[in-house]
Participant: 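Structure below; questions to follow.
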Amino acid sequence: MYEDLKNQLYEAHLNLEKYGLVAYTSGNVSVRVGSHIIIKPSGVPYDKLKPQDMVVINMQGNVVEGDLKPSVDSATHLYLYNNLDDIGSIIHTHSPYASSFALLNQPLPVYSTAHADVFGVEIPVSPYAPVGTEAIGKAVVDVVNQARAVLLSKHGVIVMGKDIQEAIRNAIFLEEVAKTAYFARTMGNPEPLDKEEAKRLFEFHHKSYGQKK
Ligand SMILES: O=C(CO)[C@@H](O)[C@@H](O)COP(=O)(O)O
């Protein structure tokens, strides 16, 4: 089932490693297709991962196809898909700069135009919740905003997108803007962008940036 999407999901995991967002087995990516979710198998190191290892589960979390156990974060992904209609793909990482804000319970303000372009608003922090249940999903839904990215207290990050490509872009840019914020804070006291300017940049970026017609 879903061979092409499994290949895309496999490539997405390799991208997480390529951009330094994960290490060894940390992190995971899923994609929604109809009433199924395809997600990374639990505990498989990235250099051992294969497209055919991706696990297909239904919206109740039961394995529909796959020889390996699905990610330990499957309940979190499922809760988010069941409560946020606009998302088609979810990425969880421990990317170091964004996760540092999560460990400090510090939201990530809109310090840069790049942050405004991609996310538009501050990245919130969700309260600590134990791994392996839908508790993380509930905590994320309680705080998630238009940014579709949340810093998980004491843990890491969750980003979402309408598809795998958008989720990957969001995961990469979250770490990028967190890195810039980290350095700015070590050198001084950066001020967030004006909210209206951030809104204008977000709207331009999402409507006109790149090759959009
Ligand atoms: O952080 C956690 C749990 O959220 C890690 O164990 C997670 O990144 C990787 O778990 P999986 O290998 O996807 O089961």
Side-chain angles (χ1 to χ4, degrees), residues 2 5-6 8-32 36-84 87 89-105 123-144 148-161 164 167-168 170-172 174-175 178:
Y2 309 122
L5 266 178
K6 286 180 180 176
Q8 289 182 48
L9 205 59
Y10 169 71
E11 292 298 332
H13 285 89
L14 298 189
N15 258 320
L16 296 187
E17 211 180 18
K18 174 185 170 186
Y19 285 92
L21 307 184
V22 294
Y24 196 55
T25 63
S26 73
N28 39 65
V29 185
S30 70
V31 61
R32 169 168 33 195
H36 291 147
I37 305 298
I38 312 171
I39 195 164
K40 168 188 160 242
S42 187
V44 178
Y46 286 88
D47 61 355
K48 302 282 188 299
L49 205 54
K50 299 185 294 298
Q52 58 268 36
D53 293 339
M54 302 300 157
V55 186
V56 182
I57 61 177
N58 64 20
M59 299 312 279
Q60 291 69 45
N62 304 312
V63 174
V64 171
E65 183 195 66
D67 302 327
L68 302 173
K69 286 164 59 182
S71 169
V72 71
D73 291 312
S74 295
T76 294
H77 288 238
L78 282 167
Y79 190 88
L80 294 174
Y81 285 122
N82 280 316
N83 287 274
L84 299 170
I87 58 170
S89 181
I90 299 170
I91 298 179
H92 166 52
T93 79
H94 301 167
S95 62
Y97 287 98
S99 297
S100 298
F101 282 84
L103 271 53
L104 291 163
N105 291 324
I123 310 296
V125 180
S126 60
Y128 178 78
V131 169
T133 69
E134 57 184 22
I136 293 181
K138 287 190 173 119
V140 167
V141 167
D142 285 350
V143 302
V144 70
R148 288 296 187 258
V150 174
L151 305 173
L152 308 176
S153 178
K154 305 275 183 275
H155 183 171
V157 307
I158 285 254
V159 300
M160 296 153 258
I164 295 175
I168 283 284
N170 289 351
I172 292 166
L174 175 59
E175 181 66 356

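Start at 1 and go down the list; that is how both ligands and their atoms are numbered.
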Participant: Would you give the length of the straight line joining atom NE2 of His36 to atom CG of Asn62, rounded to the nearest 0.5 angstrom?
Facilitator: 10.0 Å
Participant: Side-chain donor-acceptor contacts of residues 95-104 below 3.5 Å, not counting sequence neighbours, with atom names and distances?
Facilitator:
residue	atom	partner	partner atom	Å
Ser95	OG	Thr93	OG1	3.4
Ser95	OG	Glu175	OE1	2.9
Ser99	OG	His94	O	3.3
Ser99	OG	Ser95	N	3.4
Ser99	OG	Ser95	O	2.7
Ser100	OG	Pro96	O	2.7

Participant: Has Lys40 got a side-chain atom pairing as donor or acceptor with Gly27's backbone, closer than 3.5 angstrom?
Facilitator: yes
Participant: At a 4.0 angstrom heavy-atom cut-off, what protein residues surround ligand 1?
Facilitator: Thr25, Ser26, Gly27, Asn28, Lys40, Ser42, Gly43, Ser71, Val72, Asp73, His92, His94, Val131, His155
Participant: Answer yes or no: is there a side-chain heavy-atom contact under 4.5 Å between Ser126 and Ile136?
Facilitator: no
Participant: Between His92 and His77, is any side-chain donor less than 3.5 angstrom from a side-chain acceptor?
Facilitator: no
Participant: Does the Tyr81 side chain pair with the main chain of Ile90, one donor and one acceptor, at a distance under 3.5 Å?
Facilitator: yes
